[in-house]
Amino acid sequence: MEKDVSAFLGRLAHELRPRSERWAGVLVERMRDELPELWQKADLRRRALGETADHVTAFLDALEHGRDVTGAQAPPTALELARGFAEAGVPLSTLLRTYRLSHVGLLRLLQDEVTGFTDDQRLANAATLQLITTGFAYVDRSSEQVVTAYQEVRDRRVQRRLVITNEASRRIGTTLDTVRTAEELAEVGTDGFADLVTVDLLDTVLQDAEPLPPVDAPVLRRVAQRSVLDGCPDSPVGTDERHVHAPESVPAEVLAGGRPVLLRVTASDAPPWLAPPGPPRFGFHSVLLLPLCARGTTLGLAQFVRHRTPAPFEDDDLLLAQDIAARAALYIDNARRYTHERTTALTLQRSLLPRRPVEQSAVETAARYLPSGARAGVGGDWYDVIPLSGGRVALVVGDVVGRGLNAAATMGRLRTAVRAFADIDLMPDELLTHLDDVVIRLQREESREDGEISATCLYAVYDPATRLCSLASAGHVPPAVAPPAGDAATTGAAPAALPALPIGPPLGVGGLPFETVRWELPEGSLLALFTDGLVQSRTRDLDVSLELLGDTLARASRASASPDEVCDQLLAVMLPARPSDDVALLVTRTRALDPGHVATLDLPSDPAAVSGARRFAADTLDAWGLEELSFTTELIVSELVTNAIRYGKPPVHLRLVLDSALTCEVFDANSTAPHMRRARTFDEGGRGLLLVAQFAERWGTRHGREGKTIWAEQALP
């Protein structure tokens, strides 16, 4: 019976062989009804017809000659079609479904023919069963080979996609620069994927403003483009040019809707936004348009174009381009936000720093502030020069821990606090103690999300009358000091030295003391106050950097360079490249007050000494040619000396200082500070300080270790 069935199927197959082409057409039409999505691709439709005819012929040939189908080889057209399915991104399940439909359809056609070739029902049933068994064995064998061919192509496509995605991850977003990030997107896109890539950003994104919702005709700027052709002759818009897409154009719709588009074009009908003007030269055939969106905001538009690559873009390519563009858009948005915050913080930082050198007779100063070149952002470095009473000057440099707007704002608050404490003439260590309390209070007020607030600060006071410099440090490196040019004791000496200064804890620690040290400076000495960004380096040890700074400062001092020139020399030597941390640098050349402009008188603790103090003041002003100020000065001296003798403790000293103003100072050993009060009608006292305040431009109290000094300034006529 088995031989009869095989012989019967052989005769049947021989008779039906001429019908293979017609049957292939019937089967393809049935698949067209079941799988209409395949017929949207003309190349797959053509391949499917030939592949089905070859399968019919191969199956009939196996039946006719009685071959074992378990070892049969799928027709080359079947493998080619499977590869085409993989290239087109058609799912494997769809490919297997086409096999099931075509082979089931072929079995039905053969079953219909069996009953027409024999009246023997037993033979017909056996032949039908044999057809089903052989058909499924053929389908199993051929589908294994087809799936293998499909998977090889899919693996290569997946591998290629992974390579491109990995390259995008590695090469896009290496900087926090908006334009450079767009250029990286264009470079990755033209590396074996597209022939031309353009990146357009909304003009508002590049103007450091928040992007607005896309309008009918948003203004775009071409920030980057790259082509396989030199010079991008295939692009109608030049780099850095502004342009607008017509409201009805595809790019405008992509921007407005935020949805990517795969567009097929021909060289002859390429739209004007794609092709340069003139006759078609580049053979454009497919375009991917992708909105650059990040965090719900549209930033611009990216275009991927093919004209030299024969294969058009497919749906898989669109998904890959979406992945790359989304990654680039996030980096562009990060760069935009970083640039915006950095610009804001830098503007705030510069607005809080001194705008111009303060005119001082005590010192000549110059300063520099350099923001960091790192991604961390602007820090909280600052410097200040604060005029004090008696011709003295305070020199300040500090560094707030942290970056960005919060650090800049904290710097402004601390600088304001330092100026307020300097105005009441606190000693350096006392000022830092009060500033430490301010930082601790800020720590309590700030939320934990803002980070811990801490800072370092160096506060120095220079007195040109005595050439004494008093200094205290809160976690800050001491200044570098260089002797003046021509100093007989130091000419040709070693580099500038850092004073032996006890460095206290950083601000914000609390509970630990600060210490003030004093030393005398020769006239013309150079002081360099700086933050750690000037001396910290990845290529040099700190000791080496400090020695290099000292050498440079000493050479500048011997060359009698101005503070401005010294700043430039220090930055050129210490920072040949852009600093990795913010740098604040304050360079000061000290001056000494003419001894003839300082007059001092020691007074006994006796009310009768007041008249002598008035005569001393009058004689001194006569010698200085300031007779116009004699009356007011005598009154001020009388009131201040009377208060010191009556309420203070000996010794009592009177000092007159002639500088940019006339300063009258009275010292006594009592640390209690006087204050103005409103005297009642019949009070005999209580009006002295009120009179002093009326005649003087400024007055105040300066506390020291041994007592206090009451001072009053008058403007020179």
Side-chain angles (χ1 to χ4, degrees), residues 354-365 384-396 416 418-426 461-468 523 588-601 603 610 613-644 653-668 673-676 687-704 708-717:
R355 293 181 177 270
R356 61 185 64 85
V358 180
E359 292 295 331
Q360 280 287 330
S361 58
V363 293
E364 180 187 0
T365 63
D384 211 345
V385 180
I386 308 171
L388 300 177
S389 63
R392 298 170 307 125
V393 62
L395 307 172
V396 190
T416 302
V418 170
R419 281 188 158 260
F421 295 142
D423 193 52
I424 57 177
D425 263 331
L426 293 176
V461 176
Y462 175 70
D463 187 344
T466 61
R467 292 186 287 105
L468 286 177
E523 182 179 5
T588 300
R589 186 180 295 280
T590 63
R591 295 170 178 164
L593 198 60
D594 184 351
H597 288 180
V598 180
T600 306
L601 177 65
L603 297 168
V610 176
R614 287 199 299 266
R615 285 193 303 272
F616 174 79
D619 294 342
T620 302
L621 294 185
D622 286 343
W624 289 345
L626 298 176
E627 296 86 353
E628 299 178 37
L629 299 180
S630 289
F631 174 75
T632 55
T633 304
E634 287 184 50
L635 188 148
I636 291 173
V637 168
S638 178
E639 295 299 335
L640 296 185
V641 171
T642 299
N643 280 347
H653 307 296
L654 168 64
R655 187 171 80 156
L656 298 177
V657 179
L658 175 59
D659 193 22
S660 56
L662 176 63
T663 305
C664 174
E665 300 179 346
V666 176
F667 169 84
D668 73 85
H675 62 278
M676 283 195 301
R687 298 177 177 85
L689 288 181
L690 180 61
L691 291 173
V692 171
Q694 296 300 313
F695 286 106
E697 281 204 338
R698 296 194 309 147
W699 77 279
T701 304
R702 181 169 70 247
H703 289 273
K708 67 177 182 300
T709 299
I710 312 298
W711 57 269
E713 281 186 4
Q714 300 177 79
L716 299 179

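Position 1 is the first residue of the sequence; numbering continues from there. In what follows, every heavy atom counts, from backbone to side chain, and hydrogens, waters and symmetry copies are set aside.
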- Query: Can you list the steps and then say if L658 with L716 is a side-chain contact (heavy atoms from CB on, under 4.5 Å)?
  - Reply: CA-CA 9 Å; L658 175 59; L716 299 179; 3.6 Å; yes

- Applying side-chain contact (heavy atoms from CB on, under 4.5 Å), run through L621 and L662 and close with a yes or a no. CA-CA 10 Å; L621 294 185; L662 176 63; 3.6 Å; yes

- Task: Begin from the C-alpha positions of I386 and V418 and carry the test side-chain contact (heavy atoms from CB on, under 4.5 Å) through to its verdict.
- Result: CA-CA 9 Å; I386 308 171; V418 170; 4.1 Å; yes

- Item | Chi angles and distances behind the side-chain contact (heavy atoms from CB on, under 4.5 Å) call for D425, R392 | CA-CA 10 Å; D425 263 331; R392 298 170 307 125; 2.7 Å; yes

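Pairing each heavy atom of W624 with each of L656, the nearest pair is CH2-O, 3.6 Å. Nearest heavy atom pair, residue E713 against residue A661, reads OE1-CB, 4.3 Å. Residues L626 and P717 come closest through the heavy atom pair CD2-CD, 4.1 Å. When every heavy atom of A715 is checked against every heavy atom of E697, the shortest pair comes out as CB-OE2, 3.4 Å. Closest of all the heavy-atom pairs between L629 and T633 is O-OG1, 2.6 Å. Nearest heavy-atom pair across A422 and L388 is O-CD2, 3.5 Å.
Rounding to the nearest 0.5 Å places CG of L635 at 12.5 Å from OG of S630. The line from CD of Q694 to CD1 of I636 is 11.0 Å long, rounded to the nearest 0.5 Å. The distance from the CZ atom of R615 to the CG atom of L601 is 10.0 Å, given to the nearest 0.5 Å. Remark: D594 CG to D659 CG distance equals 10.5 Å, nearest 0.5 Å. For the atom pair Y462 OH and T588 OG1, the distance stands at 10.5 Å (nearest 0.5 Å). Interatomic distance, CZ of R467 versus CZ of R591, reported as 15.5 Å (0.5 Å rounding).
Between C664 and the choices V657, L654, I710, the side-chain contact (heavy atoms from CB on, under 4.5 Å) rule is met once, by L654.
Ring-plane geometry between F667 and H653 is classed as parallel, the angle between the planes falling under 30 degrees on a 0 to 90 degree scale with a further cut at 60.
A donor-acceptor contact shorter than 3.5 Å links the side chain of T620 to the backbone of F616. Side-chain N or O atoms of R419 include none that pairs as donor or acceptor with a backbone N or O of T416 at under 3.5 Å. Judged by distance alone, with hydrogens and angles left aside, the side-chain atoms of W711 form no donor-acceptor pair with the main-chain N or O of R698 at under 3.5 Å.
Inter-residue side-chain proximity for K708 and D668 is flagged as met; some heavy-atom pair is nearer than 4.5 Å.
Atom CD of E627 sits in a crowded spot, with more than 12 heavy atoms from other residues, nucleotides or ligands closer than 6.0 Å.
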